[in-house]
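What follows is a single structure, written as structure tokens, with notes after it.
Small disclaimer: the values here were computed from a predicted structure and weren't measured. So that the names make sense, note that chain A is the first sequence line, chain B the second, and so on, each numbered from 1.
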Amino acid sequence: MTERSIVVFTRDLRVIDNPALCLAAEQGEVFPLFVFDQKIVTASDLGNKRLTFLLESLEDLHSGLQKIGSSLFLRVGNWTEEIINFCKEKEAQTIHLAIDHSNHSQKRLEDLRKKAQQIGIQVKGHQGIAVVEPGMITPASGEEYKMFSPYYQKWKEATWRDLLPAPKNLSSSERDQRSSEIFHNFRPEENHIRMKGGERTGRANMKSWMGEDLKNYAFLRNDLASDRTSRLSPYLHFGCLSPLEVAVLSRDHTDDSFVRQVCWRDFYLQVLSSHPEASVADYRTRDFKWRSDVNQYEAWKEGKTGYPIVDAAMRQLLHEGFMHNRTRMVVASFLTKDLHMDWRLGAKHFMEHLLDGDVASNQLNWQWVAGTGTDYNPHRVFNPTRQSERFDKTGEYIKRWVPELRQCFGKEIHDLGPLLREELGYPQPIVDHGEAIKKYKQDYAS
DNA sequence: TGATTGTTCAG
DNA sequence: TGAACAATC
């Protein structure tokens with residue numbers, strides 16, 4: 001008798017190199033399922049852009065599954081209950097899924113294990129979210145690596161699992177009416193942004209970027225205007241691409257700066273896995289009184305701070321659901337060090353708008369900038385004018401997103417006088433960087 | 001993947 | 001004079 005099992009997709013929305021799907025398929029009949037977790041769907045931090053990317057990814061997963069004789073079932077509601085009900089409906093004995101590491105994922109998995117056990121259904125957790133899963137390499141001293149460099153060394157030397165092909169032929173199971181209705185009700189918004197969700201687009205983007213831009217990554221990754229970073233983060237977040245595959249394809253490159261970035265993702269996952277509360281609380285507690293000022297927060301969110309590099313980046317975020325890594329650090333430093341606002345406010349806005357909004361990378365990178373994270377350096381302050389001069393010399397990036405400044409000549413765009421601002425209709429700076437940092441340091445010292 | 005300041009030293 | 005470096009915030 002062949003076994004019947006459910007494969008629950010979470011953020012491993014792919015058929016290639018998907019351990020949960022592949023191993024379930026080896027054991028018998030498989031019913032692929034995705035549940036819109038009511039708690040996630042209704043949470044304020046899931047913005048329309050990321051939801052659209054998710055829907056596109058699910059649609060593509062469905063067609064990927066159809067090519068191998070299956071289809072994707074959809075349910076919406078309480079995540080655990082829906083999975084259990086689906087198991088009963090399909091008379092399945094086993095649930096396969098990839099293990100994830102956020103607070104919410106850990107809790108709901110525990111809940112699922114308990115409920116499944118009560119009715120004699122087995123839950124099998126699989127790898128697939130990371131290159132090297134959290135817990136596979138640990139420092140001698142404690143639970144997780146707190147420093148990136150030693151982690152990176154171990155990560156490179158670790159034994160990586162083998163890549164898995166897509167299952168050849170899953171037994172046929174037509175998507176039911178209910179699934180179609182659910183998908184219909186969530187109908188994706190018209191998507192004009194550059195990154196369309198799904199495994200197919202993800203793979204195409206990966207291949208073309210690796211073919212053309214990977215070799216120049218070290219030279220161009222900080223060049224804001226040329227915009228040559230991989231932009232694979234949303235595909236990695238939803239698992240349209242296997243992080244292991246991305247790492248394998250880039251690790252033997254003469255220059256390791258890209259695969260290092262892939263490793264940062266695993267690094268923060270292992271931090272979050274050991275400290276799930278770090279998504280909302282300081283990783284290193286620190287007694288600093290954050291200010292709050294609604295008008296300044298709004299100005300920051302809308303890209304009207306009067307600092308061109310900050311405004312360009314914040315407008316890019318609203319428009320594309322994406323921001324260059326370099327400017328993520330610049331705007332985060334501006335919110336925490338210049339406006340003295342809580343990193344959680346910044347992280348929340350990022351989560352609402354980023355296609356790649358990922359609890360581990362987002363919250364812990366914010367903590368890194370705020371100086372509450374693993375790499376503790378309260379004196380790290382980005383000077384928006386310096387960053388702009390160094391990484392957007394010609395002002396091309398700024399002009400792309402801040403049309404008021406398109407008429408600027410030469411270097412003046414980095415450091416505008418009050419009269420020119422007035423003339424161009426561009427805001428005066430909402431704070432003076434020098435004074436704001438002086439105050440930050442005073443507050444920090446006391 | 002910080003910025004600034006001060007020092008040294010080649011030219 | 002300015003690059004390179006370390007100390008300091």
Gap between atoms CG and P, on A:N383 and B:dG2 respectively (whole Å):
13 Å
Quick tally for nucleotides 3-9 of chain C: nucleotides whose base has a protein heavy atom under 4.0 Å get B, sugar-phosphate-only ones S, the rest -, giving ------B
Relative to A:F322, does A:R328 satisfy both conditions: NZ or CZ under 6.0 angstrom from the six-membered ring centre, and within 45 degrees of the ring's axis?
yes
Atom CD1 of A:I309 and atom P of B:dA3 are separated, to the nearest Å, by 12 Å
Are A:D17 and A:R161 ion-paired here, with the side-chain N under 4.0 Å from a carboxylate O?
yes
Is A:E199 paired with A:K67 through a side-chain N to carboxylate O contact shorter than 4.0 Å?
no
Hey, are A:E110 and A:K107 close enough for a salt bridge, meaning a charged N less than 4.0 Å from a carboxylate O?
no
Do the charged groups of A:E352 and A:K348 touch, with an N to O distance under 4.0 Å?
yes
Which whole-number value in Å describes the distance from A:R386 CZ to B:dT5 C1'?
13 Å
Residues two or more places apart in sequence or in another chain: which of them pass side-chain contact (heavy atoms from CB on, under 4.5 Å) with A:A166?
A:V15, A:I16
What parts of residues 387-398 of chain A reach DNA chain B, counting only heavy atoms under 4.0 Å away?
A:Q387, A:R390
Looking at A:N185, I want to see if its CG is surrounded by more than 12 non-hydrogen atoms of other residues, nucleotides or ligands under 6.0 Å.
yes
Using a cut-off of strictly less than 4.0 Å between a heavy atom of the residue and any atom of DNA chain B, enumerate the qualifying residues of residues 321-338 of chain A by number.
A:N325, A:M329
Report the distance from atom CE of A:M147 to atom P of B:dT1, rounded to the nearest whole Å.
16 Å
How would you list, by chain and number, every residue that makes a salt bridge (charged side-chain N to carboxylate O under 4.0 Å, His left out) with A:E396, sequence neighbours excluded?
A:R400
Salt bridge (charged side-chain N to carboxylate O under 4.0 Å, His left out) partners for A:E423, two or more places apart:
none
Salt bridge A:D282-A:R344, side-chain N to carboxylate O under 4.0 Å:
yes
